[in-house]
Amino acid sequence: MTSRLRCVGAVVLTYNSTEDLPKCLSGLLAQRGVDLRIIVVDNASRCEDLAAMEAHFTTSFQDGRVLFVDEACAEDLQEVPAIFLRNAVNGGYSAGNNIGARMASAIGCEAVLILNPDVRLSDPDYVATLAALIAADERTALACSAVRNLSGDQENPMSEPSLFEELLWPVKMIATGLLRRSKPAPQLPEMPFKIEKVTGSCFLIRTDFLKLIGYFDQSVFLYCEESILMMQVRSQGWHMMMEPRIEALHAHRSDAKGAQFLRFRAWSDSRRYFHASYGKHSTLSQAMLCLARWMMLRLVQAQDCLRRIAKQSASP
């Protein structure tokens, strides 16, 4: 890879993202200073949502193509600026993004911007800035920016908990629920710096590194992808960089992801896989971690029950 990227793919994975996709695509359309190919991968959305997203896509990209995944041929899409790929099944975050990343690689993109549909880019030089950062060092696997959520909290950089910290998560859940203490925002450096872990909502990753690791691990449907990617980068002796002078908005709404208990159970399953496949904990440590996750699930279940009781009591 040269000191300047010739082509970057932007992969947006959608699932009933009718409200979010137009704003996400608007930010990508405004990007300058880089040859950007936009690839939307839909993970089997409802018919009405799929139709609405495709209509907006075709309006935004007069030269774009809408295809089923198994119909898409990279040789026919080399010069197409935007592609909408219909995935017949919802295989989860990693599987869906792999479809887009493999297509981006096949049409000659040297890096892939993984972007959730609820991420907003207001800086027209956002992608070009990350592309310059990732191209500056051949051992930089991926680059990210500051990412702020709707509450104003900073999501990057992330950090991986120690065994002791993770074992105390149930206690922390209780304390946080009782005391409602807000965590102070970290003070970011003024210049690019190496980080341990990046949020999965928005980052730029090199295609040669993706090929090296066999693309994203599809064993988890959702959650813990950041931890898995951290270990993959670390195991190859590469690193991640963050550019704190640019920022993306993650307009995530937690209530849009369904029941809290079901989400926590999915997270628990993914965390178990991560520890079993990438962690170096002893059998005893893994058993203790399993107990901590079980306690967290029971706490979430109790919270859901209390909410239902409160709602019923408030009903006339």
Side-chain angles (χ1 to χ4, degrees), residues 10-13 17 20 23-24 26-28 30-31 93 97 111-134 136 140-162 165-166 168-169 172-173 175-177 179-205 222-234 238-257 260 263-264 267 270-271 274 296:
V11 175
V12 182
L13 182 64
S17 309
D20 287 320
K23 296 176 183 177
C24 181
S26 177
L28 291 173
Q31 295 300 303
Y93 172 92
N97 278 315
V112 181
L113 180 71
I114 300 296
L115 192 70
N116 282 7
D118 56 5
V119 170
R120 313 283 182 257
L121 302 180
S122 59
D123 183 350
D125 297 313
Y126 183 91
V127 178
T129 301
L130 286 186
L133 179 60
I134 205 173
T140 299
L142 61 92
C144 69
S145 70
V147 176
R148 199 168 298 279
N149 60 31
L150 292 173
S151 299
D153 298 325
Q154 182 58 244
E155 297 185 357
N156 270 333
M158 298 181 72
S159 61
E160 187 65 18
S162 66
E165 289 173 329
E166 191 160 348
L168 287 179
W169 275 353
K172 186 177 180 181
M173 282 183 69
T176 302
L179 301 177
R180 299 293 182 184
R181 291 178 178 172
S182 59
K183 184 179 180 181
Q187 184 66 38
L188 297 177
E190 295 182 357
M191 299 298 290
F193 63 103
K194 290 183 181 179
I195 61 173
E196 176 187 32
K197 187 176 171 183
V198 59
T199 178
S201 63
C202 183
F203 62 90
L204 182 71
I205 187 166
L222 191 63
Y223 303 116
C224 298
E225 300 91 353
E226 297 97 340
S227 296
I228 292 172
L229 185 57
M230 174 198 71
M231 294 302 294
Q232 291 174 317
V233 172
R234 185 180 297 174
W238 291 45
H239 58 262
M240 311 182 195
M241 295 292 295
M242 177 174 173
E243 171 54 87
R245 294 171 294 186
I246 58 174
E247 183 175 277
L249 172 66
H250 188 195
H252 172 72
R253 302 181 304 278
S254 59
D255 58 351
K257 283 198 171 184
Q260 182 178 221
R263 287 187 282 118
F264 260 83
W267 168 85
S270 296
R271 197 70 187 169
F274 167 68
M296 293 175 72

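- Without hydrogens or angle criteria, Tyr223 side chain to Phe264 main chain gives no donor-acceptor distance under 3.5 Å.
- Between Glu165 and Lys172 no salt bridge is recorded (no basic side-chain N to carboxylate O distance below 4.0 Å).
- Screening Glu166, Glu226, Glu225 against Arg271 for a salt bridge (charged side-chain N to carboxylate O under 4.0 Å, His left out) leaves a single residue, Glu166.
- Using modelled atom types, one side-chain atom of Gln154 and one backbone atom of Val147 make a donor-acceptor pair closer than 3.5 Å.
- Side-chain contact between Pro157 and Glu196 is absent, with no heavy-atom pair separated by less than 4.5 Å.
- Atoms SG and CG, on Cys224 and Leu229 in that order, are 12.5 Å from each other to the nearest 0.5 Å.
- Here the shortest heavy-atom pairing between Cys202 and Cys144 reads O-CB, 4.1 Å.
- When all heavy atoms of Ser201 and His250 are compared, the pair lying nearest together is CB-CE1, 3.7 Å.
- Although no hydrogens or angles enter the test, the distance criterion places a donor-acceptor pair under 3.5 Å between the side chain of Gln31 and the main chain of Asp123.
- Using a 4.0 Å cut-off between charged nitrogen and carboxylate oxygen, Lys197 and Glu155 do not count as a salt-bridge pair.
- Asp118 meets the salt bridge (charged side-chain N to carboxylate O under 4.0 Å, His left out) test with no other residue; sequence neighbours excluded.
- Side chains of Phe203 and Thr199 form no contact here, defined as non-hydrogen atoms less than 4.5 Å apart.
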Run the numbers on Ile114 and Leu13 for side-chain contact (heavy atoms from CB on, under 4.5 Å), then give the verdict. CA-CA 8 Å; Ile114 300 296; Leu13 182 64; over 6 Å; no
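- Judged by distance alone, with hydrogens and angles left aside, the side-chain atoms of Asn97 form a donor-acceptor pair with the main-chain N or O of Tyr93 at under 3.5 Å.
- Shown here for Ser270 and Leu222, the closest heavy-atom pair between the two residues is OG-O, 2.6 Å.
- Inter-residue side-chain proximity for Met240 and Thr140 is flagged as unmet; no heavy-atom pair is nearer than 4.5 Å.
- Taken to the nearest 0.5 Å, the CD atom of Gln232 stands 11.0 Å off from the OG atom of Ser227.
- Using a 4.5 Å heavy-atom threshold, the side chains of His252 and Asn149 count as separate.
- Taking CD from Glu247 and CG from Asn156, the interatomic distance works out to 10.0 Å, rounded to the nearest 0.5 Å.
- Residues Leu204 and Leu133 form no side-chain contact, since every pair of their non-hydrogen atoms from C-beta on lies 4.5 Å or further apart.
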Worked check of side-chain contact (heavy atoms from CB on, under 4.5 Å) between Arg245 and Met191: CA-CA 7 Å; Arg245 294 171 294 186; Met191 299 298 290; 3.4 Å; yes
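- To the nearest 0.5 Å, atoms CG (Leu121) and CG (Leu249) are separated by 9.5 Å.
- Here the CG atom belonging to Leu113 is positioned 10.0 Å from the CD1 atom belonging to Ile134, to the nearest 0.5 angstrom.
- Side chain of Ser145 to main chain of Glu243: no donor-acceptor pair is present (N/O by atom type, distance under 3.5 Å, no hydrogens or angles).
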